[in-house]
Amino acid sequence: MTIRVLLADDQAMIRASLRIILEDQPDITVVAEAGDGVEAIEQARRTRPDVCLVDVQMPRLDGIEVARALAGAPTRVVMVTTFDLDEYVHGALRCGAAGFVLKDAGPVLLVEAVRAAYTGDALISPSITLRLLRHLTGRGARPGVGLGARVPAQPLSARETEIVQAIGRGRTNQEIADQLFISVSTVKGYVSGIMAKLGLRNRVEIVAWAWESGPPGGRSGNR
């Protein structure tokens, strides 16, 4: 399968660089480009790419508005930006973005983010994940109290809580499986259960929920 990608950035040189990185991969092709948010939405609806790489700051509409506009579409939106301000990260996660990658994170992480989004997973630059964890720890919020945090229909089990913590630290399914001595398929089952309990769509939204709900060690669960 070839992953079809749309690039949205107001700088032509950045788009050209991203195209070179992505089209060096045998399973990725760039099908369209856009220089602003309005054009990005139009091109996404016309070309129906699998993944849109979208800059946060663009003319006419910013990347967060693009993510919001495409939230109900099959296309997955990954933010690629120089700016890792908390307000941008949080806005992107709340709008259903399937990843948030810094432009200086390197080509390997960029490609991984595209592949993760295509498979229905999500990826956040490790430096951002670590900062979110520090934000959580320093804030000392109580479980279920935050910026619109959802209270689970059923409480998370001790194992589910462990997996939420690992996802918050940016661990992959394989890394979680190795850490907890369980199979990858078991991890996937737990992640699906967590999303069902919380009414979430992907791993990025799990991180957003954790951010809004309090420190990783402070969540409720059956112990």
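Here the structure is a predicted model, which means the values were calculated and not measured.
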Side chain to side chain donor-acceptor pair (under 3.5 Å) against R45, all qualifying residues, sequence neighbours excluded = none
Residues passing the side chain to side chain donor-acceptor pair (under 3.5 Å) test with S192, sequence neighbours excluded, are none
If every non-hydrogen atom of P155 is compared with every non-hydrogen atom of K197, which pair is closest and at what distance?
-> O-NZ, 2.9 Å
Nearest heavy atoms of C52 and A44, plus distance in Å | SG-CB, 4.0 Å
Using side-chain heavy atoms (C-beta onward) and a distance below 4.5 Å, is [X] in contact with [Y]?
| X | Y | result |
| --- | --- | --- |
| T81 | F100 | yes |
| V80 | D55 | no |
| I20 | L18 | no |
| V114 | V5 | yes |
| K103 | D9 | yes |

When rounded to the nearest 0.5 angstrom, what is the spacing between [atom1] in [X] and [atom2] in [Y]?
| X | Y | atom1 | atom2 | result |
| --- | --- | --- | --- | --- |
| L53 | L6 | CG | CG | 8.5 Å |
| R159 | E162 | CZ | CD | 5.0 Å |
| I163 | T186 | CD1 | OG1 | 9.0 Å |
| Y118 | T2 | OH | OG1 | 8.0 Å |
| I21 | L7 | CD1 | CG | 10.0 Å |
| L198 | L200 | CG | CG | 4.5 Å |

Which pairs would a plain distance check flag for residues 63-72, meaning a side-chain donor or acceptor within less than 3.5 Å of a matching protein atom at least two apart in sequence or in another chain?
{"residue": "E65", "atom": "OE1", "partner": "R68", "partner atom": "NH1", "Å": "3.1"}
{"residue": "E65", "atom": "OE2", "partner": "R68", "partner atom": "NH1", "Å": "2.5"}

With sequence neighbours excluded, what pairs up with D178 under the side-chain contact (heavy atoms from CB on, under 4.5 Å) test?
-> Q174
Partner set under side-chain contact (heavy atoms from CB on, under 4.5 Å) for S17, not counting sequence neighbours = none
Which atom pairs, donor and acceptor, lie under 3.5 Å between side-chain atoms of residues 26-40 and protein residues at least two apart or in another chain?
{"residue": "D27", "atom": "OD1", "partner": "R115", "partner atom": "NH2", "Å": "2.9"}
{"residue": "D27", "atom": "OD2", "partner": "R115", "partner atom": "NE", "Å": "2.9"}
{"residue": "E33", "atom": "OE1", "partner": "R15", "partner atom": "NE", "Å": "2.9"}
{"residue": "E33", "atom": "OE2", "partner": "R19", "partner atom": "NE", "Å": "2.8"}
{"residue": "E33", "atom": "OE2", "partner": "R19", "partner atom": "NH2", "Å": "3.0"}
{"residue": "D36", "atom": "OD1", "partner": "V38", "partner atom": "N", "Å": "3.0"}
{"residue": "D36", "atom": "OD1", "partner": "E39", "partner atom": "N", "Å": "2.8"}
{"residue": "D36", "atom": "OD1", "partner": "R60", "partner atom": "NE", "Å": "3.4"}
{"residue": "D36", "atom": "OD1", "partner": "R60", "partner atom": "NH2", "Å": "3.3"}
{"residue": "D36", "atom": "OD2", "partner": "R60", "partner atom": "NE", "Å": "3.4"}
{"residue": "D36", "atom": "OD2", "partner": "R60", "partner atom": "NH2", "Å": "3.2"}
{"residue": "E39", "atom": "OE1", "partner": "G35", "partner atom": "N", "Å": "2.9"}

Please assess T75 against V51 for the test side-chain contact (heavy atoms from CB on, under 4.5 Å), listing each intermediate value before the final yes or no.
-> CA-CA 5 Å; T75 298; V51 179; 5.9 Å; no
Mark yes or no for whether D50, through its side chain, and R4, through its backbone, hold a donor-acceptor pair below 3.5 Å.
-> yes
Indicate yes or no for a side-chain donor-acceptor contact from E160 to the backbone of S157 under 3.5 Å, with no hydrogens or angles considered.
-> yes
Could you walk me through whether V54 and V78 pass the side-chain contact (heavy atoms from CB on, under 4.5 Å) test, one step at a time?
-> CA-CA 6 Å; V54 180; V78 175; over 6 Å; no
